[in-house]
Amino acid sequence: MTPTGTLDALLVEERVFRPAPATVIEANVKPADLAEAYRLAEADHLAYWEKAALELEWHRKWDAVLDDGKAPFYRWFPGARTNIVHNALDRHVHIWTKNKLALIWEGEAGDCRKFTYFELYREVNRLAGALRALGVSRGDRVCLYMPPIPETVVAMLAAAKIGAVHVFVFAGYSAKFLRERLNDSKARVLVTADGFYRGGRCINLKAVVDEALPGVRGETAETVVVVRRTGDDIDMQEPRDLYYHDLLRQESPEAATEIMEAGDPLFWLHTSGTTGRPKAVVHNHGGYMVGASHTFRTVFDIKPTDIHFCTADPGWITGHTYGVYGPLLTGATVILYEGHPLYPQADRLPTIIERYGATIFYATPTLVRMLMRYGPQYPKKRDLSTLRLLGSVGEPLGPEAWMWFYKHIGRSNCPVLDTWWQTETGMAMISPMPISVLKPGSVGKALPGIAADVVDDKGQAVPPGQGGFLVVKKPWPAMLTTLEGDDAGYARDYWERIPGCYFAGDVARRDEDGYFWIQGRADDVLNIAGHRVGTAEVEAALCAHRLVTEAAVVGLPDKIKGEVAKAFVVAAPEWRAAFADADAFASELRAHVRRELGPIVVIKAVELRDTLPRTRSGKILRRKLRAEELGQALEGGTGEEE
Ligand code: ATP
Ligand code: MG
């Protein structure tokens, strides 16, 4: 844990944005509803979540909303039976959404495939039947090593439908990472694709699988189901490798849905590996379903007419919750894009928004900064008038990127929902709603039913304005149930660091209005001349400079001062015209940070970089920068090193 004492709060951001009257009138959750939701959640936490659970169909209702007898191994909805796929798919076939579009997919070359709920249902049933025929049954793991293509969504749902647990390995991970995940999961079936397109290249995914498989143990991956996406020549090894399309041809478009206990596992998914080795988080059918569905309906304000463009790969939690399950549970239409966000040029995402008339655009700060770097002329070329909500997740967005997103993608017309959550939380926890007053750089208030707080290392709440550890004081439905194979680690890392609280691993402050401001990771806190400072505010200040595109700040040991801060900056190319050399530019940036944040934050050194090191999911890897500076190996690795 970080040194004791409170965290300095540096950023002063006073702009506020009020919702347009039409947004308030049309919102699913209007101001009076929100007030009532907070009142109910405050008065009776479990009654609030029980009400949310009643929005869904269950084969058997719960004996209790929550069993906390074995805390922190909380059991939501014990005794209840359901299957998330019943609610995400089967149910729609009997109502008006049957012939509504569930999925719009666009390939990198511009090819497009669309699935109605009924079509998706039939395809999922065929794969469910095929998986059953391969001997997969309830509780077995199915490993998915898939690019962003429709069959990926089909595979997730088919596994869940028959009660198997999907273990997704993002297609950017190496053969070694895949092999380890196969061995951990002992998945007898692996679903993959021959390849996919990204950045104008055809990536041969099957070759990575072929490299991974020789090292797997026992019966693991005895069958590999291969989706033909690129049609390239690949090695198919009989009898192990089977083409998806051959397999499905013989299957019935109907398949029974396995009725699961609410607490049965639905999937394992790894965290991004930003602060250490990726952790295998376990989510279940019941609680996860309630959290995903409820937050998608309320936070994303989903309406029958919406088209939700979620840029996250299905292989990350955002893709799982708000790219697949949340939208399907609420009968929405979702866009999935295969390729690189800047291919063939920087207007690709705006072009997709225009082409399908997307109404909600859910992106990441990394993406927003990428678009910023290329300039507003790209989104300006496209008709983005269908958009009504913007969302961001994954890293601090910062006031500058927030404003750019709001202005140039949202045309100063769409609320920006900066949603704070984690692989572990399964669902958005702290976020504005469309009706909220917005403050650029803040993630808004804790959602109703989420007991988020900011505390010191003893668990005492710190006063407004002061920084501390971000915790959650009560369990919530979509919470992780454990870390796979590591119950002790789950209890220790999340629930014992600050007794009785879920420890998120982030530092934050809350202002007088109850708005949260994420200051960074607890592991990255800087200690500058006795002041504890989160990285996010310093990075936001650097990014506020017109010549800075991206920034990362790390603390380095110093003989005299204990620790000094070093900034790594990706600069806009124009800096060369404005300054004599890198030293002069660095001095200006140091002075700029001082002007923005006051004299506390002394940046000892500024290094210009072409790019910053990132995790596979695109987040800044500060620990890698620190390790490089110290000439050390990367602690915990990225999960991929030999
Ligand atoms: P690891 O846990 O392996 O270190 P990770 O924490 O990056 O990786 P994720 O679960 O993908 O893995 O990300 C959750 C984290 O992302 C949060 O703890 C937080 O630090 C950051 N985050 C998510 N949303 C936001 C947001 N809106 N603003 C600021 N930070 C965010
Ligand atoms: Mg994390």
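Numbering of ligands and ligand atoms starts at 1, following listing order.
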[X]-[Y] side chain donor-acceptor pair, cut-off 3.5 Å:
{"X": "Trp420", "Y": "Asp506", "answer": "yes"}
{"X": "Tyr288", "Y": "Thr321", "answer": "yes"}
{"X": "Glu395", "Y": "Thr366", "answer": "yes"}

Please work out, at 4.0 Å between heavy atoms, whether the side chain, the backbone, both, or neither of Thr615 comes within that distance of ligand 1.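 Neither part.
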Give the contacting part of Trp421 toward ligand 1: side chain, backbone, both or neither, where contact means a heavy-atom distance below 4.0 Å.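 Looking at Trp421 and ligand 1, just backbone atoms fall under 4.0 Å.
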Give the residue and atom name of whichever protein heavy atom lies nearest to [atom], and the separation in Å to one decimal.
{"atom": "atom 12 (O) of ligand 1", "value": "Ser272 N, 3.2 Å"}
{"atom": "atom 13 (O) of ligand 1", "value": "Lys619 NZ, 2.6 Å"}
{"atom": "atom 6 (O) of ligand 1", "value": "Arg521 NH1, 2.7 Å"}
{"atom": "atom 7 (O) of ligand 1", "value": "Thr274 OG1, 2.4 Å"}

Look at ligand 1 and say whether [X] reaches it with a heavy atom at a distance under 4.0 Å.
{"X": "Gly394", "result": "yes"}
{"X": "Ser617", "result": "no"}
{"X": "Ile317", "result": "no"}

Main-chain N/O of [Y] paired to [X] side chain as donor or acceptor, under 3.5 Å:
{"X": "Thr419", "Y": "Ser392", "answer": "yes"}
{"X": "Glu539", "Y": "Val553", "answer": "yes"}
{"X": "Trp404", "Y": "Val368", "answer": "no"}
{"X": "Asn28", "Y": "Ile302", "answer": "yes"}

Close aromatic pair by centroid cut-off 6.0 Å: Tyr325 and Phe296: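 When the ring centroids of Tyr325 and Phe296 are compared, they turn out to be at least 6.0 Å apart.
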Determine, using ring centers only, whether His320 and His283 are less than 6.0 Å apart.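 No - the distance between ring centres of His283 and His320 does not fall below the 6.0 Å cut-off.
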Can you find an N or O of [X] that's nearer than 3.5 Å to an N or O of ligand 1?
{"X": "Lys279", "answer": "yes"}
{"X": "Arg277", "answer": "no"}
{"X": "Gly273", "answer": "yes"}

May I ask which of Arg623, Glu395, His270 has a heavy atom nearer to atom 31 (C) of ligand 1 than the others do?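 It is Glu395 whose heavy atom sits nearest to atom 31 (C) of ligand 1.
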Using heavy-atom distances, let me know which of Thr364, Asp418, Thr423, Val443 sits nearest atom 10 (O) of ligand 1.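 The nearest heavy atom belongs to Thr423.
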